[in-house]
Structures are given as structure tokens and as C-alpha cells.
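Right, one structure below, let's go through it.
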There are 2 protein chains.
Amino acid sequence: MKPTDSELKILQVLWQEGPCTVRQVNERLTENRDVGYTTTLKLMQIMYEKGLLTRVEDARSHVYKANVSEEATQATLLERFVGTAFRGSASKLVMQALGSHKTTPAELDEIRKLLDQIEQQP
Amino acid sequence: MKPTDSELKILQVLWQEGPCTVRQVNERLTENRDVGYTTTLKLMQIMYEKGLLTRVEDARSHVYKANVSEEATQATLLERFVGTAFRGSASKLVMQALGSHKTTPAELDEIRKLLDQIEQQP
DNA sequence: AAGCTAATACGAAACGTTTCGTATAAAAAA
DNA sequence: TTTTTTATACGAAACGTTTCGTATTAGCTT
């Protein structure tokens, strides 16, 4: 599953907030940029048809839930991105990311631990 | 400058091969997927108008050159990608990338060195 | 019950990107 | 010189995504 940019924004709301109605999602989206209610509705309907979301229709308003995990989605997107933008070289991407972004010492430590783990594998 | 996917493919050819005619670029692109000559031509004309490419019109066929560096372009794309897919967390992206991709010991070493550098900065 | 509010469904317009057909010109081949 | 090949330019169709107007239905309020 490769969500589009708009779909990703909706998924992120659901990942952060848990199950939401269309209105709730739309309110969160509108904090950043004006989005019409029916726009969000339509997108979420499409995402439901694609299987990206599940929903409960019991109540007056449907309640939607993300049907893909944030980690799995990020993995998919990253895979594609490394391929297109970095011609498959994950290490080049890592170097760029570390070089141009601020990372806390704690995060750097975590990364170091991960490096150890990877190198210790036979 | 944020090149589209197709534009990126063209840039990659030019980064690898250096200055090329439309035909040369098109031949490289066709190795992977069928692309009509005029399609490539049109795209490169658009990229020229956008300033992504420069060209020399002296000869019978124009010779195009990338007008943005691979590194700068990757930085731009990465910036955007971290923002949209990883909500700004470069370290999460790094962890994911390291975890799910094969990296050679030499590359891991390079990354380690970069970590040292970053941590030593005041 | 009648009117108001808030929800879903749906089609189609709007937008950006990609693809290609066609016109035209210039060089190369005959 | 005439024909064939190979360029560029350009407009518009095709495609996917996003946006929104409108119809319809269900619950709330009076």
C-alpha cells in the first residue's frame, strides 16, 4: 500500500489520535491548512475502499480506524524513496539525514546501539 | 526545486552520464521502461524552462546538462520526505533505513565516524 | 409534526503530471 | 535535387489525485 500525500496526512491523524470520525480528522487537518469537510470525507471513503481504513457504521457518524501501522507504512514509503531518490543506497540516505538534521544525543546513542546490533550479526 | 518522479529519472541519467542529447537520455530510460522519444523531449523542455537543466543549442541536437547537483536535490527531497512520512524525525528514518536495508561493514563504519563527528561538536 | 442541523454518498470539475500525435525544419542519403 | 531521416516545438489527450457542489437521509430542536 502506498498512500498518497493527502492520505498520509489522514493516516497520521488516526495514528496519533486513534479512531476518529470524519469531522474529528477534518478538524485536525484544518489546523494547518483549510480543507473542506466533504474533501476529507471523500478521501476517507476512498481509503476505506482501498482497505487503508476500517470503519464502524453503528453510530450516526462512522468511526474510522487506520488499517495499516505507521511503521509498516513508513517502511514501504522509505523503500520506494531510497530507490527513487538515492538509487537504492540506504547508507547515503542515512548520512544525508544525519548530516543535515538536528538529532539529540539520546537519539544518536540509539542509532549507535543499532549499529552495534547489526555488526554483531553473523 | 522539487523535481517530479519522471524529472528525477532524467536528472539521474544526466548525473551519471554527464551532458546528453535527448536521444541519449531517452535510450537510457528505455532500458527500464518504454518511453516515447517525444515524451522525454517534452519533459526535458519543461525542465529547461524550470531551470533544472541548461542546454547548448549550437549543434543539430541540443545538449542538455543538469543544473542542480545530485546532493542538493537529494537534500531537498529528503527534507520533504522526513517531514511528510516521518513527521520530522530524522532519527526514526535513520533507524528504519538501517534496520531494513543491507549495509556493508564499510558503510556502517562511515556512519559511525559521522556519529562521532556530530557528537564532538560543541 | 415541522424545521433545522449534521451526516453520508456521489459525480464531476479542477489541477498537476505524463504521454503522445502532428507540424515544421534541417541535415543526410539517394 | 528529391527523398528520407532525425531533430525541435507545441498543443492537447490521458491519467491520477484532490477538491467541492449537490442530493439525500437521519437525528435534534422547537
Side-chain angles (χ1 to χ4, degrees), chain A residues 1-14 19-65 68 73 76-77 80-81 83-85, chain B residues 1-14 19-65 68 73 76-77 80-81 83-85:
Chain A
M1 275 297 118
K2 53 136 231 294
T4 66
D5 279 3
S6 300
E7 289 175 343
L8 188 58
K9 290 207 189 90
I10 289 172
L11 282 172
Q12 279 168 351
V13 172
L14 293 170
C20 285
T21 64
V22 173
R23 180 146 303 279
Q24 290 171 320
V25 170
N26 186 245
E27 259 157 25
R28 282 295 311 273
L29 294 181
T30 321
E31 287 170 15
N32 301 318
R33 204 165 49 87
D34 254 33
V35 191
Y37 173 83
T38 52
T39 301
T40 303
L41 172 66
K42 177 72 169 191
L43 270 171
M44 290 176 74
Q45 284 170 346
I46 291 170
M47 292 169 76
Y48 170 67
E49 278 158 27
K50 287 191 193 173
L52 285 172
L53 307 181
T54 57
R55 72 181 183 189
V56 177
E57 311 190 8
D58 297 346
R60 165 131 169 65
S61 344
H62 304 170
V63 174
Y64 288 81
K65 236 177 77 180
V68 289
T73 304
T76 302
L77 293 173
R80 183 175 299 266
F81 182 70
T84 59
Chain B
M1 276 294 118
K2 55 135 233 292
T4 66
D5 279 4
S6 301
E7 288 174 344
L8 188 58
K9 290 205 189 91
I10 289 172
L11 282 172
Q12 280 168 350
V13 172
L14 293 169
C20 285
T21 63
V22 173
R23 179 145 306 279
Q24 289 171 321
V25 170
N26 186 244
E27 259 157 24
R28 280 294 312 274
L29 294 181
T30 321
E31 286 170 16
N32 301 317
R33 204 166 48 87
D34 255 34
V35 190
Y37 173 82
T38 53
T39 300
T40 303
L41 171 67
K42 177 73 169 190
L43 270 171
M44 289 175 74
Q45 284 171 346
I46 291 170
M47 292 169 76
Y48 170 68
E49 279 159 27
K50 287 192 194 172
L52 285 171
L53 306 182
T54 58
R55 72 182 182 188
V56 177
E57 311 190 6
D58 298 344
R60 166 133 170 64
S61 344
H62 303 169
V63 175
Y64 288 81
K65 235 178 75 180
V68 290
T73 304
T76 301
L77 293 173
R80 183 177 300 267
F81 182 69
T84 59

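Reckoned from all heavy atoms, side chains included, excluding hydrogens, waters and symmetry mates. On a predicted model such as this, the values are computed, not experimentally measured, just so you know. Naming: A, B, ... by sequence-line order, numbering from 1 per chain.
What separates CG of B:Leu8 from P of C:dT18 is a distance of 10 Å, to the nearest Å. Computed from coordinates, the B:Asn26 CG to D:dT8 P distance equals 11 Å when rounded to whole Å. C:dA6 atom C1' lies 13 Å from atom CD of A:Glu27, rounded to whole Å. Atom CG of A:Leu29 is separated from atom C1' of D:dT18 by 13 Å (rounded to the nearest Å). Rounded to whole angstrom, the span from the CE atom of A:Met44 across to the C1' atom of D:dT19 amounts to 16 Å. Atom OH of B:Tyr64 is separated from atom P of D:dT8 by 6 Å (rounded to the nearest Å). Per the geometry, CZ belonging to A:Arg55 stands 15 Å off P belonging to C:dA7, to the nearest Å. Atoms CD (B:Glu7) and P (C:dT19) sit 12 Å apart, rounded to a whole Å.
Between the side chain of A:Asn26 and the backbone N or O of A:Val35, at least one donor-acceptor pair lies under 3.5 Å. Judged purely by atom type and a 3.5 angstrom limit, B:Glu27 has no side-chain atom pairing as donor or acceptor with the backbone of B:Val22. For the pair B:Gln24 (side chain) and B:Thr21 (backbone), a donor-acceptor distance under 3.5 Å is present. In this structure, the side chain of A:Thr38 does not engage the main chain of A:Leu41 through any donor-acceptor pair within 3.5 Å.
The existence of a salt bridge linking B:Lys9 and B:Glu7 is excluded, since no basic side-chain nitrogen approaches an acidic carboxylate oxygen closer than 4.0 Å.
Among C:dT8, C:dT19, D:dT19, the nucleotide with an atom closest to any side-chain atom of A:Leu43 is D:dT19. Distances from the side chain of B:Ile46 to the nucleotides C:dT8, D:dT18, C:dT18 place C:dT18 closest. If you check D:dT8, C:dT17, C:dT8 against the side chain of B:His62, the one that comes closest is D:dT8.
Between A:Pro3 and A:Leu11 there is a side-chain heavy-atom pair separated by less than 4.5 Å.
Comparing B:Arg23 and A:Ser6 by the nucleotide of DNA chain D that holds the closest heavy atom to each, the one mapping nearer the 5' end is B:Arg23. When the nearest nucleotides of DNA chain D are assigned to A:Arg33 and B:Glu57 by heavy-atom distance, the more 5′-ward of the two goes with B:Glu57.
Of the side-chain N and O atoms in A:Tyr37, none sit less than 4.0 angstrom from OP1 or OP2 of D:dC20. Between D:dC20 and A:Thr39, a contact under 4.0 Å exists linking OP1 or OP2 to a side-chain N or O.
The base of D:dG21 has none of its N or O atoms less than 3.5 Å from a complementary donor or acceptor on the side chain of A:Lys42.
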Produce a footprint string for nucleotides 22-30 of chain C: one letter per nucleotide, 5' end first; B if the base is under 4.0 Å from any protein heavy atom, S if only the sugar-phosphate is, - if neither.
B---BS---
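The distance from atom CZ of B:Arg60 to atom NE2 of B:His62, rounded to the nearest 0.5 Å, is 10.0 Å.
B:Thr4 comes within 4.0 angstrom of sugar-phosphate atoms only, judged by non-hydrogen atoms across all strands, and of no base.
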